[in-house]
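In what follows, a structure is listed as structure tokens, so that the remarks can point back to it.
Within every chain, numbering begins at 1; the chains are lettered A, B, ... in the order of the sequence lines, protein sequences first and strands thereafter. FYI, side chains are in, hydrogens and waters are out, and symmetry mates aren't considered; it's all heavy atoms of this structure.
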Number of protein chains: 2
Amino acid sequence: MTELDTRSQILIAAEERFSLYGYNKTTMVEIASDCNMSAANLYRFFDNKLDIGAGLANQCLAEKENELAVIVADNLMTSAEKLHAFVVNILHYTYRRFDVAPRLSELIEAMTIQRPEVMKSHRNSTIILLRRLLEQSVDAGEFEFSDIDATAEAINTAITVFYLPAVMPLFSLEEFESKAKSVCDLLVNGLSKIKT
Amino acid sequence: MTELDTRSQILIAAEERFSLYGYNKTTMVEIASDCNMSAANLYRFFDNKLDIGAGLANQCLAEKENELAVIVADNLMTSAEKLHAFVVNILHYTYRRFDVAPRLSELIEAMTIQRPEVMKSHRNSTIILLRRLLEQSVDAGEFEFSDIDATAEAINTAITVFYLPAVMPLFSLEEFESKAKSVCDLLVNGLSKIKT
DNA sequence: ATACTGAATATTTTGTTGATTATTCACTAA
DNA sequence: TTAGTGAATAATCAACAAAATATTCAGTAT
């Protein structure tokens, strides 16, 4: 078995455990024995448990980014609709994580605290996607703005609430959806060439 | 001494203790002895320690609301400037709480978790202030929008990041100030009659 | 060398117990 | 009746030991 295979075998075992029992309750010995190896051997492929978690988190977040990329790439929606779909997608992901999938949430939480770069990089990817959405909106003659990077950043900042699981208990999903709608409307109003 | 006097005497003692040693480290016996009474007697005026905290938190948050009200009432700034000052004020308050005044922060944190109504009510007051700001902007012929309540809500949602101490460690104050600026610009753009 | 292990060590978590603190209550003083 | 208390009880916290777990390392097999 090649080194790469072993790495991904470990990641697969870890994913199974993490999503079933959570990051904290999963031990290195368990992951190792799922792979029919000793715990010590895991350290030949990953520096530590946190790195296994980071590998997995990157995978999860990449999937999320892909969903967002699909929305951005869509060519039936208007830019306004895309932005709204974008925000709602983020909201639903966050809500689900706090509500129905708290196990995987534990992993993200551990990363937020102990591997902030993982989240930073996801944040960056998201901003790049927003930037692409903005580019396309200009091409389509729908939005206009002066500084595309500042604008993408600002949109991301304005929708940060929808990223935060900690805020989810404060309102129902319906309430959040309505908030997402009205924030998007406000943003779109500021971005649109023609005011509605 | 009237009942009201005793109540406020207790609150004053509690404020002193809470801001010096924090909510958790302050005991009922300490507050009581500062007031030259027994701990048991505190319970004739407050149902429990949390209620003393809530009384104080309400006071703190009311002060913050007053600062915001001053900004809204100002008649030298444009509406755009007011909105920006409003957001920056919130940001600075939040940043200070996490950075230099963690003692009082402890109280707010306890309230957020154990007395969410206190924070909800502050949120409401803030939205009412935003609503007033919007009203005035219409009178001044600066902003226009369809639904004032939805708009006030949406603005509040878009600036929620700046309320959250938990997010503060992620960026420097300067970075947050720049974010506040660009979010405000974006919002103002959407609200203004004349696009900039 | 490469892939791996068992056993040793270091770090974290868990569990327990005593001490502190919040809260209640039966009672006293004016 | 109103303002208050001390003592009892209940809930929470802190400290420390024990157990579990992560990580390292010296060594084995191929």
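Rounded to whole Å, the distance from CG on B:Leu42 to C1' on C:dA22 is 11 Å. Rounded to a whole Å, the OH atom of A:Tyr23 is 14 Å from the C1' atom of C:dT13. In this structure, CG of A:Asn36 is placed 17 Å from P of C:dA3, rounded to the nearest angstrom. Rounded to whole Å, atom P of D:dG4 lies 16 Å from atom CD1 of B:Ile31. Put simply, CG on B:Asn41 is 15 Å from C1' on C:dA22, counting in whole angstrom units. Distance CG (B:Asn24) to P (C:dA22): 10 Å, rounded to an integer number of Å. Spacing between atom OH of A:Tyr43 and atom C1' of C:dG6 amounts to 15 Å, rounded to whole angstrom units. Rounded to whole angstrom, the span from the CG atom of B:Asp51 across to the P atom of C:dT24 amounts to 11 Å.
Partner B:Asn89 forms a side chain to side chain donor-acceptor pair (under 3.5 Å) with one of B:His84, B:Lys64, B:Glu67 and no other, that one being B:Glu67.
A salt bridge links B:Arg131 with B:Glu135; the closest basic N to acidic carboxylate O contact falls under 4.0 Å.
Applying the 4.0 Å criterion to OP1 and OP2 of C:dT14, one finds that A:Lys25 has a side-chain N or O inside that range. Here A:Arg44 reaches the OP1 or OP2 of C:dC4: one of its side-chain N or O atoms lies under 4.0 Å away.
Side chain of B:Lys82 to backbone of B:Ser137: no donor-acceptor contact under 3.5 angstrom is found.
Listed candidates were D:dC25, C:dT21, D:dA22. Nearest to the side chain of A:Ala40 is D:dC25.
A:Ser38 comes within 4.0 angstrom of a nucleotide base, judged by non-hydrogen atoms across all strands.
Residue B:Met37 is the one, among A:Asp47 and B:Met37, whose nearest nucleotide of DNA chain D lies closer to the 5' end (criterion: closest heavy atom).
You'll find the ring centres of B:Tyr21 and B:Phe18 outside the 6.0 Å limit.
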